[in-house]
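Report on one structure; see the data block that follows.
Letters go in sequence order (proteins before strands), and every chain restarts at 1.
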Amino acid sequence: MIPNRFDHATAAEELLARWDAAGCSHADPSSDKPPFTIVIPPPNVTGALHLGHGLNNTLQDIVIRQKRMAGYETLWMPGTDHAGIATQAVVERRLKEQENKTRHDLGREALVKRIWQWKDQYEGRILGQLRRMGCSCDWQRTRFTLDDTCADAVRATFFDLFTKRLIYRGKRLVNWDTFLQTAVSDDEVFNETKKGHFWHFRYPVIDPKPGEPEFVEIATTRPETMLGDTAVAVHPNPAKAFDAVDKALRQKLADAPEKEKPAVRSQIKALEERRKSMLASLEQLRDMAADGRRLRLPLMDRPIPLVADEWAKPELGSGCVKITPAHDPNDYDVGKRCDLPMINILNPDGTINSEGGKYEGLPIPKARKAVVADLESLELLGEIEDRDIELPHSDRSKTPIEPYLADQWFVAMDELAQSAMDAVSDGRVSITPARYQKGYLDWLSEKRDWPVSRQLWWGHRIPIWSATNLDADAAKKLMEAATEVANEHAGLVQVQSDASDGDTCAVFVCLRSDEPELTAAIEALGLTQDPDVLDTWFSSALWPHSTLGWPQQTPELKKFYPTSSLLTSRDIITLWVARMVLMGLNNLGEIPFDRVYIHPKILDGLGETMSKSKGNGVDPIDVIEKFGPDALRFGLARLATETQDVRMPVQYECPHCEKLIDQTKKNRSLPTVPCAACGQVFSTQWAETDEDKAHKRAPVVSERFETARNFVNKLWNASRFVMMHLDEFESTSIDVATLQIEDRWLLSRLATVTEEVTFAIDRFQFAEASRVLYNFAWDEFCSFYVEIAKPRLSDPEQRQVTQNVIAHGLDQLLRLLHPVMPFVTESVWGYLADLAPKRGVPEPVDTEPFVMQAVWPKANTDHHDAKIERQFAEFQALVSAIRKIRASQNIAQRDNVPIAIRCDAATHDLLKPMTAYFAALAGAQVHSIGPDVIAFETDAHAALPEWDVDLHVDLEQFIDLDAERARLEKLDGQITGQIAGKEKKLSNENFVSRAPKEIVQQEREALESLKTQLITVQSDLAKLRTKQSAEASETA
RNA sequence: GGGCGAUUAGCUCAGUUGGUUAGAGCGCCACGUUGACAUCGUGGAGGUCAGAGAUUCGAGUUCUCUAUCGCCCACCA
């Protein structure tokens, strides 16, 4: 009737449809139940999900399913993120590869249209992956960070911040990607060490006075930037600077381990010499700077000032530093401090612009060569050192970054950051594991303003219209006109002017709405919209409330905000979590969630993060197809410990013979690999279309899920067994006190397990919850309870009560396992409902149509029974002892062995009802039990001192004397070793006098017990030896 | 340079406030299986808890240092 393997593919498809039809995961804002909300960390629409997302979403689903069952009105808000740069870069790359076009060939509108198509395709794929994993999101509410609802939240937020003057425009250095022609954020920059040079130049001093140097020497790794130099800096107090470095070095010397001291000493010595030789000239330069002396910038023939600034480090290079404010972050700061002009010498494409004089039009490498050559011919070139240089690269295009001065919009972070820090410091928002709080607080405490402009086409367009380079008069008129429009559209237009840009003025208008009429009115005044879009994180930061309809006061927002828990990965604690907190506080005055859980990161077998480009990314769908969705989820949940990384060795599954081949650094980099089993070749790379490839691609999977798949099957088969014995089921009320010991043991254990699992899930201890469930289901429910139930189910006297208890046990187990393994539990639940629609101990009740909507078990503390658990442990110990003896004697399972159990009268009473079960569990027939049993003629003896019980197994028909002797000798060795350890400990005067009394007493008792055991074992051994030698002489 | 984390069986990981000779799953070995389950059962082998030191009667567990690996942040004329 019921198949002996769980067909997860068919079941999943059917269950998903039934859950949908019943609206199981739909959240009702008008519900009376308390709310529980999770917003999904929206996956980027850049590509498909991998196992990292698999873990993240599995954990969220476990929490949401458990809370749903526990009586909350749960909302799991799904959606995806437009991921500005990443998505645009992917689409542009394809455009280049497939059509050899750039975005400029297409134009803004057409490119954005293409990206929408891409988004539709991947959003569908991502949501499909989540669905197949069983994620119980409220799909009807699916949002996208760029959809109209989110767009309105972005507009409202931007308008608000602009009105509060928390958004401002400034010229700032950006990391310019000359290939993509866009600014990239610091987070999207990585450093790469390249071999480079350190060029020394001499800049002539203009009209040196007698005694003054004719040249000032500077050094640079980027010669072409000298075209934009606007100063040379020297330290304002070189002597003090030398002192500070000297002090730092001496401290280092004191702290350094002995073997490093010589190196530090020589550094100190070098510094002293340097000071001796350079201090005077640096102080002279400093004085010249104070005197307003200037240098002549070679090639450009431009006078530039000598300035005093602490950025110039006397201990480095020549002690002087050229200042290029428009192309270096530190120089930019100097430029600000010293009020220097900022000359941008680059075009967006990375060529030199008209500010670069005769070098105009040259790309950077050529300009660099030309500058060096020209300086050499002017005899202004000094030494050229070889040097390794850390060069910033764009993570997107993998090309070098050029620091570049551009107009950018910023969010002032001071107060916002403080509010987000307070929320965590005072505990309104908790972060688990707690160690991640530090990073969050440290990052926010810098309170660096947030640059939100991105020179992209894919994203929320900045809702600012501006006119720049106006004279004061024009600006005033424009302000008046714009203000008039603002008055006509109250609350929708905010006008500001700005005179920071040199002598010219600018007018900025922020529009709250994108009504065409309003836009037209503003554009009619000659204002144009900023071409840039907002940083992706700006819209992500609003996610917990934008998805609920804010700024509209929707029923959803009222019911489900603030949300409850956020589960995410550690790399976006600052970029995302912190910003959600501060935006939630700004927009609603309330924190967005009260608990944040950071889960570990999944690495491959080589300890590297998974990614498509490395080829080690595992698609959850591949795992689902091989092992099933429940196995995927259980396998992932048991990895979610408090550690920060977990390793998941991955394998290729040969597409020809399905053999798994370990992925290694070597085969990963090869395009094709021969299968170790069948010899046929498969491809290891992702291809756009498999048909195009000569070789079939091997899916990447991991056998880590095998255990989980086996567990699903175990549960399925145990359920199958139960249901095969539920015919003619009749539910009855049960007086627990009248139940047999094994029933009460099961109920007691269920109470404990329920407590443990509930506690663990609430604390985000997913691995612990999984472990507890696995052990209980397999080792207790299956291996003991079901085995014991077998004979009882065929006993007419006991059948009905056993059916009721076992149905209840399965029922509770299904509920507890449901959040982790929704499909198999729901499937079994359906079968069980047909057989036992009304069930439960002590009172049967009607059960819910879906386990997904069933009530989460409440630990029944009345069922706790320490005595019975102990009694059962004793029984289990006896079973285990019999099994060991049987195994050492190689006794076939079909053969029953007679046993005798010596125990006191009380134990006898407890064990008596269970004697029948020794047959099912240990293949043993209880011959006698009680205080006075006698050993068998051919006897194997095991002592269980913990309970004062002796086990005797009759080996008459089976005896293998050598094996028995080996068993006893091994036991002898083990006990002797333990005794030695204890005696050593107890003979230690310090231990006896200082350790707590109860510990010492415990040790003494343990020692006594061991000694008794040893005597027994040794006497058994002696008997055996006598017997053996007797037999030997007989044979002889 | 600053910070965080990891190092326990061949592999992947547990190990509560310090207290019997350190556990699980997989893999390995032996035996077994017609009755829910070979996606199974029973038993076994396998560990100087990265290294050194300190605290303690007692350290996988606390502290210091070292090594290796990983991540985050900052900086580098």
Side-chain angles (χ1 to χ4, degrees), chain A residues 2 4-6 186 191 198-200 218-222 225 232-233 257 311-313 316-318 320-324 328-331 388-390 433 435-436 438-439 442-443 446 570-571 573-574 600-601 603 605 607-609 627 631 638-639 641-649 662 702-704 706-725 767-768 771 774-775 782-783 786 790 880 883-888 890-894 922-923 974 977-978 980-982 985 988-996 998-1000 1002-1003 1006-1007 1009-1010:
Chain A
I2 304 171
N4 73 347
R5 287 170 67 150
F6 177 53
D186 288 347
N191 283 323
F198 201 43
W199 283 274
H200 293 249
I218 52 89
T220 181
T221 55
R222 295 189 300 157
T225 60
V232 166
W311 169 238
K313 306 271 191 282
L316 294 176
S318 65
C320 298
V321 55
K322 66 193 262 311
I323 301 298
T324 323
D328 180 275
N330 296 301
D331 291 8
D388 287 338
I389 297 167
E390 293 249 307
R435 63 173 180 274
Y436 291 113
K438 188 172 159 51
D442 286 352
W443 186 79
E446 290 180 26
R570 74 183 120 90
D571 35 5
I573 295 172
T574 52
K601 190 167 188 158
L603 308 176
E608 297 180 32
T609 53
F627 299 105
R638 60 204 294 259
L639 292 177
T641 58
E642 280 212 9
T643 180
Q644 66 180 20
D645 299 311
V646 286
R647 285 191 184 206
M648 167 87 59
D662 285 350
S702 177
E703 66 183 4
R704 292 284 150 234
E706 226 166 55
T707 310
R709 188 259 324 265
N710 294 351
F711 181 48
V712 172
N713 193 62
K714 184 77 180 177
L715 179 72
W716 176 254
N717 274 295
S719 308
R720 220 176 121 231
F721 170 82
V722 172
M723 293 184 296
M724 284 163 68
H725 293 85
E768 174 67 6
R771 193 186 62 78
Y774 182 94
N775 291 341
C782 294
S783 295
V786 170
K790 279 177 183 173
S880 175
R883 283 172 177 172
K884 270 185 201 169
I885 290 171
R886 291 180 58 108
S888 71
N890 247 329
I891 297 170
Q893 190 162 344
R894 60 181 168 275
Q974 281 175 350
Q978 286 182 43
K982 294 266 183 263
K985 201 172 197 176
N988 180 346
E989 192 51 43
N990 280 326
F991 172 70
V992 179
S993 59
R994 299 203 196 186
E998 60 274 18
I999 296 287
V1000 178
Q1002 193 180 308
E1003 290 294 309
L1007 179 61
S1009 158
L1010 283 167

> Between B:C11 atom P and A:Leu639 atom CG, what is the distance in whole Å?
Replying inline: 17 Å

> By side-chain contact (heavy atoms from CB on, under 4.5 Å), which residues pair with A:Ser1009, not counting sequence neighbours?
Replying inline: A:Pro945, A:Gln1013

> Choosing from B:A36, B:C26, B:G19, which nucleotide comes nearest the side chain of A:Ile999?
Replying inline: B:G19

>> Taking the minimum atom-to-atom distance to the side chain of A:Glu446, which one of B:C4, B:C73, B:U42 wins?
In response: B:C73

>> Rounded to the nearest 0.5 Å, what separates atom NZ in A:Lys714 from atom OG1 in A:Thr707?
In response: 14.0 Å

> Considering residues at least two apart in sequence or located in another chain, which fulfil the ring pair (Phe, Tyr, Trp, His ring centres under 6.0 Å) criterion with A:Tyr436?
Replying inline: none

>> Rounded to whole Å, please give me the gap between CG in A:Asn717 and C1' in B:G35.
In response: 12 Å

>> Using whole Å, what does the distance between atom P of nucleotide B:U16 and atom CD of A:Glu768 come to?
In response: 11 Å

> Roughly how far apart, to the nearest Å, are B:C73 and B:C11 at atom P?
Replying inline: 32 Å

> Which residue, A:Asp571 or A:Ala233, contacts RNA chain B at a nucleotide closer to its 5' end, judged by nearest heavy atom?
Replying inline: A:Asp571

For nucleotides 54-58 of chain B, which of its nitrogen or oxygen atoms have a protein nitrogen or oxygen under 3.5 Å away, and what is each distance?
unit_1	atom_1	unit_2	atom_2	d
B:C57	OP1	A:Arg994	NE	3.3
B:C57	OP1	A:Arg994	NH1	2.2
B:C57	OP2	A:Arg994	NH1	3.2
B:C57	O4'	A:Asn990	O	3.2
B:C57	O2'	A:Asn988	ND2	3.2

> Which one, B:C13, B:G43, B:G70, comes nearest to the side chain of A:Thr641?
Replying inline: B:C13

>> Please give the distance between the P atoms of B:G10 and B:C28 as a whole number of Å.
In response: 15 Å

>> The side chain of A:Lys790 is closest to which nucleotide in this list: B:A36, B:C13, B:G70?
In response: B:A36

>> Applying a 4.0 Å non-hydrogen cut-off, can you work out what A:Trp716 is touching in the nucleic acid: base, sugar-phosphate, or nothing?
In response: nothing

> Of all the choices, B:U20, B:G25, B:C69, which nucleotide is nearest to the side chain of A:Arg647 once you look at every atom?
Replying inline: B:C69

>> The side chain of A:Glu706 is closest to which nucleotide in this list: B:G43, B:G27, B:A14?
In response: B:G27

> Hey, is the side chain of A:Asn710 poking within less than 4.0 Å of OP1 or OP2 on B:G25, counting only N and O atoms?
Replying inline: no

>> Nearest whole Å is fine: how far is B:A30 C1' from A:Arg883 CZ?
In response: 17 Å

> Contact class for A:Val646 (heavy atom, under 4.0 Å): base, sugar-phosphate, or nothing?
Replying inline: sugar-phosphate

>> Taking B:C49 as the reference, what is the distance to B:U61 when you measure between their C1' atoms (whole Å, please)?
In response: 10 Å

> Which residues pass the salt bridge (Lys or Arg N to Asp or Glu O under 4.0 Å) test with A:Glu1003, sequence neighbours left out?
Replying inline: A:Lys982

> Expressed as a whole number of Å, how far does the P atom of B:G53 sit from that of B:C13?
Replying inline: 29 Å

> Can you check the A:Ile891 CD1 to B:G41 C1' distance for me, whole Å?
Replying inline: 16 Å

> Can you tell me how far C1' of B:G25 sits from CZ of A:Phe711, to the nearest Å?
Replying inline: 12 Å

>> Rounded to whole Å, how long is the line connecting atom NZ of A:Lys601 with atom C1' of B:C4?
In response: 14 Å

> Toward the 5' end of RNA chain B, which comes first, A:Lys438 or A:Ser783, by nearest nucleotide?
Replying inline: A:Lys438

>> Within this structure, what is the CD1-OG1 distance for the pair A:Ile323 and A:Thr225, rounded to the nearest 0.5 Å?
In response: 10.5 Å

>> Can you tell me which nucleotide in B:G25, B:C4, B:C40 comes closest to the side chain of A:Arg638?
In response: B:G25

>> Measuring from the side chain of A:Arg704 (C-beta onward, heavy atoms only), which nucleotide among B:A36, B:U12, B:C4 has the closest atom?
In response: B:U12

> Which is true for A:Gly977 with a 4.0 Å heavy-atom rule: it touches a base, it touches only sugar-phosphate, or it touches nothing?
Replying inline: base

> Out of B:C4, B:U20, B:A14, which has the shortest distance to the side chain of A:Lys982?
Replying inline: B:U20

> Do the side chain of A:Lys714 and the base of B:C37 come within less than 3.5 angstrom through a donor-acceptor pair of N or O atoms?
Replying inline: yes

> Hey, does A:Arg886 reach any base, or is it just sugar-phosphate, or nothing, if we go heavy atoms under 4.0 Å?
Replying inline: nothing

>> So, using side-chain contact (heavy atoms from CB on, under 4.5 Å) as the criterion, who are the partners of A:Trp443 when residues are at least two apart?
In response: A:Thr574, A:Ala578, A:Arg579

> Now, which nucleotide makes the Watson-Crick or G-U wobble pair with B:G5, with each of the two distances under 3.5 Å?
Replying inline: B:C69

>> Minimum heavy-atom separation for A:Lys322 and A:Ile218, please, with both atom names.
In response: CD-CD1, 3.7 Å

> Within this structure, what is the CG-to-P distance between A:Asp442 and B:G1, rounded to whole angstrom?
Replying inline: 19 Å

>> Measuring only the P atom in each nucleotide, how far is B:A24 from B:A45? A whole number of Å is fine.
In response: 12 Å

> Do you know the tightest heavy-atom contact between A:Arg704 and A:Pro649?
Replying inline: NE-CD, 3.5 Å

> Between A:Phe991 and A:Ile999, is a side-chain contact (heavy atoms from CB on, under 4.5 Å) present by the stated rule, with each step listed?
Replying inline: CA-CA 10 Å; A:Phe991 172 70; A:Ile999 296 287; 4.1 Å; yes

>> In whole Å, measure the gap between the C1' atoms of B:A9 and B:G60 for me.
In response: 14 Å

> Which nucleotide, B:U20, B:C40, B:G25, lies nearest any side-chain atom of A:Tyr774?
Replying inline: B:G25

> Mind checking whether A:His725 and A:Phe721 have parallel, tilted or perpendicular rings, split at 30° and 60°?
Replying inline: tilted

> Using a cut-off of 4.0 Å on non-hydrogen atoms, how would the nucleic acid contact of A:Lys884 be classed: base, sugar-phosphate, or nothing?
Replying inline: sugar-phosphate

>> Suppose we define a pair by two distances each less than 3.5 Å, Watson-Crick or G-U wobble; what does B:A22 pair with here?
In response: none

> Whom does B:C28 pair with, Watson-Crick or G-U wobble, provided both distances fall under 3.5 Å?
Replying inline: B:G44

> Distance between the C1' atoms of B:U17 and B:U56, in whole angstroms?
Replying inline: 16 Å

> Looking for any heavy atom pair under 4.0 Å, which part of the strands does A:Arg709 touch: base, sugar-phosphate only, or nothing?
Replying inline: base

>> Once side-chain contact (heavy atoms from CB on, under 4.5 Å) is applied, do any residues pair with A:Asp442, and if so which ones, sequence neighbours excluded?
In response: A:Lys438

> Between B:A22 and B:G46, how far is it from one P atom to the other, in whole Å?
Replying inline: 13 Å

> So which nucleotide does B:A52 pair with, by the Watson-Crick or G-U wobble rule with both distances under 3.5 Å?
Replying inline: B:U64

